[in-house]
Amino acid sequence: MTGYDPDFGDFRPTPPVSFELFPPRTDAAALALGRAIDRLAEVDPAFMSVTFGAGGSSRDRSLTVLRHLLEHTDVEPMAHLTCVGSSHAEANRLVREFLDAGVTSFLALRGDPPAGADPDAGIGDLESAAELVQLIHRVQEEREPFGQAGVPGVPGGSRILERPRPELVAVAAYPNGHPRSRGLDHDVDVLLAKEVAGSNLAITQLFWRADDYLGFVERARAGGVTMPILPGVMPVTSPTRLARLQELTGVPAPEELSVALAIEPDADAQFELGVDFAARLADEVVAGGAPGLHLYTFNRHEAVLAVLDRLGLLTPAPAGIERNTRTS
Ligand code: FAD
């Protein structure tokens with residue numbers, strides 16, 4: 001397990017950045033995503049993660065995006081996987097399938113039960129992300145118990161290599177608490193359990209105030225969590241998307257941004273508002289010690305690259321990015 005290594009070479013932005021993508025549903029969306037990936041890859045991110053639809057609904061499409069990253073970029077692909085509703089055998093097969101495709105970094109998630117299901121009822125064999133983290137390590141070990149290499153100068157000789165392990169086994173963290181959590185301490189306990197199970201990176205749910213993230217990290221450290229906790233930041237450039245995110249995450253949208261986006265009719269001006277808000281937030285968490293920035297892209301490059309530009313992190317600037325202007 002290599003852990004999250006902040007030493008990324010000459011051209012990687014400091015702090016390192018990473019991006020989240022989701023699998024497209026149409027051919028047109030796939031083409032647009034391909035173009036966005038090209039632009040995002042120029043920033044040399046630490047990794048790009050690809051979401052996984054509830055209950056495995058996007059498995060094939062997620063794999064297609066991950067394979068595209070492997071075959072057409074130098075970016076480390078990270079597969080989100082969910083386990084709720086899976087039997088041990090199904091989860092085992094799923095992890096094996098992604099490892100076989102060449103993916104070695106994962107974001108292990110419990111996932112949400114299907115709408116209408118009793119969220120407290122046990123569904124499937126795996127009940128938490130921590131169990132999936134353990135399973136990922138176990139499958140990897142069973143799949144390749146050890147590697148062998150020849151010994152120079154010794155015909156027929158071989159030596160056992162260190163077992164190839166998943167690069168990153170990341171997990172989710174909730175600065176404002178998971179909607180079903182019993183309290184913020186409970187979220188820290190769950191995060192610690194995931195680290196003990198073998199995760200080496202946490203990525204946070206969206207949050208809107210730097211103090212929410214920084215306070216959570218402080219509580220997590222006091223609770224014994226040592227792995228890096230990457231803040232998840234999304235530039236939100238439309239009032240409808242902001243309202244939808246509030247619905248999805250249960251985290252109340254920031255009043256200041258909600259009002260500003262609602263009263264601003266011009267799309268370009270809304271874009272600037274969303275980028276400004278996200279850039280300020282990112283700047284504050286980095287100043288507070290965040291080990292990197294994980295940017296939710298919504299499969300578009302313009303807003304996230306504009307955020308990085310505001311932060312002075314596009315050096316050298318990728319082709320076609322004009323400084324401090326909207327890119328499209
Ligand atoms: P766990 O780590 O197992 O639990 C985390 C917290 O949720 C704990 O506080 C735990 O007690 C509480 N919790 C979870 N379920 C229950 C329950 N039934 N009863 C009581 N408490 C509960 N979902 C997807 O489907 N696909 C994705 O690709 C995806 N990507 C994500 C990426 C990030 C960075 C984040 C933050 C979330 C993502 N999710 C995704 C959402 C995630 O699956 C849900 O939030 C899910 O409810 C909890 O998953 P977990 O891995 O955090 O669960």
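Indexing begins at 1, ligand by ligand and atom by atom, following the structure's order. The basis for the numbers below is simple: all heavy atoms, side chains too, and nothing from hydrogens, waters or symmetry mates.
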Per-atom contacts, ligand 1 versus [X] - under 4.0 Å to a heavy atom:
X      : value
Thr82  : 24 (C), 25 (O), 26 (N)
Ser181 : 9 (O)
Leu107 : 32 (C)
Tyr296 : 34 (C)
His186 : 9 (O), 11 (O)
Thr51  : 28 (O)
Ile203 : 34 (C)
Ser128 : 3 (O)

Of the choices [options], which has the non-hydrogen atom that lies closest to [atom]?
atom                    : options                       : value
atom 16 (C) of ligand 1 : Gln205, Arg180, Lys194, His80 : Arg180
atom 29 (C) of ligand 1 : Leu109, Leu81, Leu248         : Leu109
atom 48 (C) of ligand 1 : Glu131, His178, Glu20         : His178
atom 4 (O) of ligand 1  : Leu206, Val190, Thr204        : Val190

Polar contact flag for [X] and ligand 1 (N/O pairs, less than 3.5 Å):
X      : value
Phe52  : yes
Tyr174 : yes
Asp187 : yes

Checklist line | ligand 1 contact by Phe22, heavy-atom criterion under 4.0 angstrom | finding: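 Contact absent.
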Item checked: ligand 1 contacted by Gly111 (non-hydrogen, < 4.0 Å) ->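 Right, Gly111 reaches ligand 1.
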Next item on the list: Determine, for Glu247 against Arg244, whether the closest basic-nitrogen to carboxylate-oxygen distance falls under 4.0 angstrom.
Entry: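 So Glu247 pairs with Arg244 through a salt bridge.
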Note to self: Salt bridge or not between Arg138 and Glu131? Use side-chain N to carboxylate O under 4.0 Å.
What the structure shows: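 No.
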[X] atom [atom1], over 12 foreign heavy atoms within 6.0 Å:
X      : atom1 : answer
Glu71  : CD    : yes
Arg182 : CZ    : no
Glu218 : CD    : no
Asp100 : CG    : yes

Checklist line | Donor + acceptor pair across side chains of Thr249, Gln205 (<3.5 Å) | finding: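 The criterion, which ignores hydrogens and geometry beyond distance, is not satisfied for Gln205 and Thr249.
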Note to self: Please confirm whether the ring centroid of His294 lies under 6.0 Å from the ring centroid of Phe47.
What the structure shows: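 Yes, the ring of His294 comes within the 6.0 Å limit of the ring of Phe47, centre to centre.
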Check: With ring centroids as reference points, do Tyr174 and Phe207 lie under 6.0 angstrom apart?
Finding: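 Aromatic pair excluded; centres sit 6.0 Å or further apart.
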Check: Side chain of Tyr213, backbone of Glu284: donor and acceptor closer than 3.5 Å?
Finding: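 Looks like no, no N/O pair under 3.5 Å.
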Next item on the list: Spell out, as yes or no, whether a donor-acceptor pair under 3.5 Å connects the side chain of Glu195 to the backbone of Thr226.
Entry: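 Present.
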